[in-house]
Each structure stands twice: as C-alpha cells, then as structure tokens.
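To start, the structure itself, in structure tokens.
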Amino acid sequence: MLNIGIVLGSTREGRVSPQVGAWVKELADNRGDANYEIIDIADYSLPLLGEPDGDASGVAAWSEKIAEMDGFVFIVQEYNHSISAALKNALDYLRVEWNDKAAGIVSYGSVGGARATEHLRGILSELSIAHVRVHPALSLFTDFENGTHFAPKDVQVQSVNDMLDQLLPWTEAMQSVRTKSTSETA
Ligand SMILES: Cc1cc2nc3c(=O)[nH]c(=O)nc-3n(C[C@H](O)[C@H](O)[C@H](O)COP(=O)(O)O)c2cc1C
C-alpha cells in the first residue's frame with residue numbers, strides 16, 4: 001500500500017489545521033486505498049533553517065518521516081496571501097526526500113486559500129513534486145463557524161475524494177520515476 005502523509009501546514013497555538021487534517025484523514029481512510037498518516041510539523045520542533053542557535057534535534061526525524069512517504073496531502077492555510085512560514089521552512093529543510101513524489105492540496109482561507117495554494121504550487125514544482133489539479137478549497141466563512149470550528153459543507157466531501165482519485169494514480173506513477181532515477185544514478 002502507498003504511504004500518504006497528510007501534512008498540517010500551521011503550527012500556531014489555536015490553529016485549526018488539526019481539525020481539517022482529521023477530517024481529510026477520515027475521508028481518506030474510508031477509501032481503504034492507501035496508508036494515510038497525519039504529519040504534524042509542530043511535532044518536529046524545526047528551528048528556522050540555518051539558525052545558528054536553533055535546536056535541530058528534530059531534523060533527522062523530519063527527514064526520516066518524509067522519506068517514508070510516497071505522496072502527500074498538504075493542509076494549507078493562507079497567511080498574508082501565501083503559505084505559513086512554518087510550512088515553507090519545513091519544505092526548505094529537505095530535497096531528495098520530497099523529490100519525484102505526488103501531492104494534493106486542501107486549503108482554507110477567506111477565498112479558500114487559493115492564493116496560498118498558487119504559491120505552494122510553485123514551490124512544489126521546484127521540489128519535483130507532482131501536484132494534482134483538483135483542489136478542495138474551504139472557506140473560512142462557510143466551512144467554519146466563527147472561523148474556528150470546522151463544519152464543512154457536504155459538497156467538500158466530493159471534492160476531497162476527487163482530489164484523492166487524482167493523487168493515488170499519480171503517487172503510484174511517481175514510484176516508477178523514483179526507481180528509474182535511482183537505477184540511473186547507481
Ligand atoms: C499572520 C496571518 C495572516 C493571515 N493572512 C490571511 C490572508 O492573507 N488571507 C486569508 O484568507 N486569511 C488570512 N489569515 C487567516 C487565516 O487563514 C486563518 O486564521 C486560518 O485559520 C489560519 O490557519 P490555522 O488556524 O491553521 O493557523 C491570516 C492569519 C494569520 C495568523
């Protein structure tokens with residue numbers, strides 16, 4: 001079975017990403033088509049990349065966890081029309097661990113996190129992560145109560161499944177790309 005990491009992009013106190021990630025995981029688990037796992041950046045205490053006095057003890061575990069995965073669903077929140085600094089930092093830490101894998105994006109914000117998603121797509125391209133087109137975009141106004149309690153509209157369930165329908169075959173296909181790159185460099 002393929003391993004798909006559901007990456008929570010925010011780490012701030014009071015964040016809503018765990019609610020969104022748990023909902024995506026439940027929908028994904030119901031499909032029974034892969035091993036889905038929540039990956040919480042906050043668990044790895046990553047200092048800012050290159051910070052001289054930072055405690056980098058979580059970096060090896062972060063690298064190992066991402067290397068174990070075949071594909072990803074990024075849970076993306078919009079911060080100043082882009083992704084969170086925590087997610088950008090966590091992406092910047094690694095390279096080969098991300099390369100030649102596939103990803104889907106589930107975002108939220110006042111306009112569904114659309115602007116953050118477009119920024120993330122550019123970053124994923126640079127990391128050689130194949131990102132699928134279908135993109136569940138959750139509104140802070142209609143899929144949350146008071147912007148804090150997650151209460152998604154029913155239509156979003158179909159959108160998550162449509163995204164996973166694209167992600168699974170792409171994740172499988174990228175396995176053969178990785179096998180080919182490994183054998184070429186051996
Ligand atoms: C620093 C900051 C900047 C934000 N900028 C935007 C923004 O540009 N567009 C938007 O739609 N929401 C913006 N928001 C609202 C967040 O998308 C919203 O608070 C969301 O819940 C953040 O995700 P989190 O709870 O998982 O941290 C911003 C929130 C913060 C904390």
Side-chain angles (χ1 to χ4, degrees), residues 4-30 36-51 54-55 58-59 61-62 65-66 69 71-94 98 101-127 129 131-164 167:
I4 308 281
I6 301 172
V7 180
L8 306 185
S10 58
T11 54
R12 73 177 180 96
E13 205 177 329
R15 64 198 170 140
V16 300
S17 56
Q19 297 178 57
V20 179
W23 172 73
V24 170
K25 183 171 185 323
E26 188 181 349
L27 294 174
D29 284 343
N30 286 343
Y36 294 95
E37 175 179 340
I38 298 278
I39 300 179
D40 189 349
I41 294 170
D43 289 341
Y44 295 85
S45 342
L46 300 172
L48 281 179
L49 180 67
E51 219 172 17
D55 169 14
V59 176
W62 177 243
K65 179 52 66 186
I66 298 306
M69 297 296 131
F72 305 95
V73 175
F74 289 99
I75 307 297
V76 173
Q77 42 297 127
E78 188 163 296
Y79 282 20
N80 291 317
H81 289 201
S82 189
I83 61 171
S84 69
L87 177 57
K88 180 64 165 60
N89 190 50
L91 287 162
D92 287 346
Y93 258 101
L94 308 176
W98 295 118
K101 295 181 178 175
I105 299 168
V106 175
S107 68
Y108 50 91
S110 57
V111 288
R115 296 163 295 209
T117 294
E118 291 308 308
H119 275 190
L120 179 59
R121 286 188 185 282
I123 297 162
L124 298 184
S125 297
E126 177 56 20
L127 288 169
I129 298 176
H131 40 104
V132 302
R133 185 185 71 80
V134 176
H135 156 221
L138 304 159
S139 164
L140 283 176
F141 302 116
T142 56
D143 294 304
F144 290 81
E145 289 163 6
N146 302 320
T148 53
H149 175 70
F150 184 47
K153 295 272 178 237
D154 291 345
V155 66
Q156 303 292 5
V157 170
Q158 185 64 47
S159 182
V160 170
N161 276 306
D162 289 348
M163 178 273 291
L164 293 172
L167 177 61

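Note that these values count all heavy atoms, side chains included, but never hydrogens, waters or copies made by symmetry. Ligands are counted one by one from 1 in listed order, and the atoms in each one are counted from 1 as well. What you are looking at is a predicted structure, and each value in this text was computed from that prediction instead of being measured.
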Handout entry: Pair Glu118 + Arg115, salt bridge at N-O below 4.0 Å
Key = no

What is the nearest protein non-hydrogen atom to [atom], stated with its residue, atom name and distance?
atom	answer
atom 3 (C) of ligand 1	Asn80 N, 3.5 Å
atom 8 (O) of ligand 1	His81 N, 2.9 Å
atom 2 (C) of ligand 1	Tyr79 CG, 4.1 Å
atom 12 (N) of ligand 1	Glu78 O, 3.4 Å
atom 19 (O) of ligand 1	Arg12 NH2, 4.1 Å
atom 18 (C) of ligand 1	Leu140 CD1, 3.9 Å
atom 20 (C) of ligand 1	Tyr108 CE1, 3.7 Å

Kindly compute the distance separating [atom1] ([X]) from [atom2] ([Y]), expressed to the nearest 0.5 Å.
X	Y	atom1	atom2	result
Leu46	Asp55	CG	CG	10.0 Å
Ser159	Leu138	OG	CG	8.0 Å
Gln19	Tyr108	CD	OH	8.5 Å
Leu91	Trp98	CG	CH2	5.0 Å
Leu87	Asp92	CG	CG	9.5 Å
Phe72	Ile66	CZ	CD1	4.5 Å

Exercise for the section: Say whether Phe144 and ligand 1 are in contact under the criterion: heavy-atom distance to a ligand atom below 4.0 Å. Expected result: no

Mark up the atoms of ligand 1 that fall under 4.0 Å of a heavy atom belonging to [X], in ascending order.
X	value
Ser10	24 (P), 26 (O), 27 (O)
Arg115	9 (N), 11 (O)
Gly109	11 (O)

Handout entry: N or O pair under 3.5 Å between Val16 and ligand 1
Key = yes

Exercise for the section: For atom CD of Glu26, decide whether the heavy atoms of other residues, nucleotides or ligands shown that lie under 6.0 angstrom number more than 12. Expected result: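 Incorrect, the count does not exceed 12.
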
Handout entry: side chain to side chain donor-acceptor pair (under 3.5 Å) involving Glu37 - partner list, sequence neighbours excluded
Key =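 If we apply the side chain to side chain donor-acceptor pair (under 3.5 Å) test to Glu37, skipping adjacent residues, the hits are Lys65.
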
Does ligand 1 have a heavy atom under 4.0 Å from the side chain of [X], from its backbone, from both, or from neither?
X	result
Gln77	side chain
Ser110	both
Arg15	both

Practice task
Please lay out, stage by stage, how Ile123 and Ile83 fare under the test side-chain contact (heavy atoms from CB on, under 4.5 Å).
Solution key: CA-CA 10 Å; Ile123 297 162; Ile83 61 171; 3.7 Å; yes

